[in-house]
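For reference, the structure is listed below as structure tokens.
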Amino acid sequence: MFKNNSNQVRAGWIIFLAFASMFIAQQIFALPGGVLLALVDFPFQDGNYEMDIMAAFDRHPWIFLLTQGGGTVGGMLATVLFWRFVNKGTLKELGFRGPLKDLGFGLLLGAMSIAIIFFILLASGNVTMLNSFTKPEFTVYTLSFLVLFILVGFFEEMFFRGYVMSTMERRGNPKWLVYVVSAVVFSLVHGTNPNVSILGLVNIALVGVLFAYMFDATKSLWLPIGYHITWNYFQGNVFGFAVSGTAPHGIYNVSVEEGSDLLTGGAFGLEGGLLATVLIILGYFATRVYVKMKAK
């Protein structure tokens, strides 16, 4: 049950323990931000209080960054330590290898994918812009969420691709299973996000497969990290869509109320729409072309 035919602890148990350690570390590192929010924003009245946590975080973006970013850093640290001392691996073996141009291509591909979806929705009348292209609204969220999404891109790719896939590969699991487990677990952890939808979770699993392919094809985390960062940032902080159900703070603001939820993703954001499905699939072909061009 616990060991395979080679008398090794099965990959599933190692990943489970790593996930539990990562989760605990996230809570510990997020705690200072939560305490600070309580001190500055919880309105105590007669010993009782009622507070919408997300609304409170919206009022204090830097505290939100301290909390969410802190938790993300904790998760990264736990992943690296578990990889180093349990898996006995190096950062290079985890996936931090290869040329940085992979990161650049990933950043470009993620940004272009979201931009294409946005302009299709705009041209088809499924979204309405609330401020013009000539009047972007830069706020503190523009910077704070850039930092956050960079951290998220690094952390989630380190764990779900670098750690999970490499641990399974080291135990001799077939490639199809490595891809599926990485993508499904990645999707399931987003299942508690606000306004989650079935199509949204399917698309997150699908983009998880794309990230797995990027990691496998380049033998490096740089490409999926880059794509992950701009995929999130351009959704929420450039074009103003919800990101996996979380509130947007874009330099452009859009309304999806008159559009089709099947295309826009509704309250969950673009990841809950069919256009995201199409662009994720196209991302596979773009990556395939890029890898072939690199090999020449």
Side-chain angles (χ1 to χ4, degrees), residues 11-12 14-16 18-20 22-23 26 72 75 79 95 106 109-110 112-114 116-117 149 152-169 171 173-218 221 223-236 241-246 260-288 291:
I14 297 175
I15 292 168
F16 173 78
F19 185 88
M22 174 267 290
F23 179 79
Q26 283 184 301
T72 303
T79 300
L109 184 59
M112 286 181 61
S113 297
I114 296 302
I116 289 170
I117 295 173
F149 283 136
V152 168
F154 269 83
F155 163 58
E156 293 190 351
E157 295 313 307
M158 283 173 61
F159 185 81
F160 293 105
R161 257 57 65 182
Y163 189 87
V164 171
M165 292 182 65
S166 298
T167 298
M168 293 186 69
E169 287 172 351
R171 290 295 189 267
N173 289 280
K175 183 173 290 189
W176 70 266
L177 184 61
V178 174
Y179 274 48
V180 169
V181 170
S182 170
V184 169
V185 174
F186 180 59
S187 177
L188 290 177
V189 299
H190 289 81
T192 58
N193 285 28
N195 306 306
V196 67
S197 66
I198 296 299
L199 182 55
L201 293 180
V202 169
N203 278 341
I204 290 174
L206 192 60
V207 81
V209 173
L210 173 60
F211 290 148
Y213 174 68
M214 289 175 168
F215 177 49
D216 184 40
T218 62
L221 288 172
L223 179 49
I225 285 173
Y227 186 103
H228 201 148
I229 290 169
T230 49
W231 175 267
N232 283 343
Y233 189 73
F234 271 69
Q235 278 185 82
F241 294 94
V243 181
S244 300
T246 59
S260 168
D261 286 356
L262 198 59
L263 296 177
T264 66
F268 189 68
L270 296 182
E271 290 170 341
L274 285 176
L275 287 178
T277 311
V278 174
L279 266 296
I280 291 167
I281 294 171
L282 290 177
Y284 165 81
F285 292 103
T287 301
R288 186 175 178 85
V291 171

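Sequential numbering from 1 along the given sequence is applied to the chain's residues. These numbers come from the heavy atoms of this one structure, side chains and all, not from hydrogens, waters or symmetry mates.
Between the CD1 atom in Ile225 and the CZ atom in Phe154 there is a gap of 4.5 Å [rounded to 0.5 Å]. Distance check, rounded to the nearest 0.5 Å: CG of Leu199 to CD1 of Ile204 gives 10.0 Å. Between atom OG1 of residue Thr277 and atom CD of residue Glu271 there is a gap of 10.5 Å, rounded to the nearest 0.5 Å. The line from CH2 of Trp231 to CZ of Phe149 is 13.0 Å long, rounded to the nearest 0.5 Å.
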For residues 183-194, which side-chain donor-acceptor pairs fall under 3.5 Å, sequence neighbours excluded?
| from | atom 1 | to | atom 2 | distance (Å) |
| --- | --- | --- | --- | --- |
| Ser187 | OG | Leu201 | O | 2.7 |
| His190 | ND1 | Phe186 | O | 2.7 |
| Asn193 | ND2 | Ser244 | O | 2.9 |

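Residues Tyr227 and Val207 have side chains in contact (heavy-atom distance under 4.5 Å, counting atoms from C-beta outward). Counting heavy atoms from C-beta outward, Leu270 and Leu275 have side chains that stay 4.5 Å or more apart.
Summarising the geometry of Ala242 relative to Ala267, their closest heavy-atom pair is CB-O, 3.4 Å, with the distance given to 0.1 Å. Across Thr167 and Tyr163, no two heavy atoms sit closer than the pair OG1-O, 2.7 Å. Residues Val291 and Ala217 approach most closely at CG2-CB, 3.9 Å, considering heavy atoms.
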Hey, mind stepping through His228 and Phe160 against side-chain contact (heavy atoms from CB on, under 4.5 Å) and telling me if it holds? CA-CA 12 Å; His228 201 148; Phe160 293 105; over 6 Å; no
Begin with the C-alpha distance, continue with both residues' side-chain angles, and end with the deciding distance and a verdict on side-chain contact (heavy atoms from CB on, under 4.5 Å) for Ser113 and Leu109. CA-CA 6 Å; Ser113 297; Leu109 184 59; 4.2 Å; yes
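When ring centroids are compared, Tyr284 and Tyr213 come within the 6.0 Å threshold.
Side-chain atoms of Thr79 come within 3.5 Å of backbone atoms of Gly75 as a donor-acceptor pair (strictly under, hydrogens ignored).
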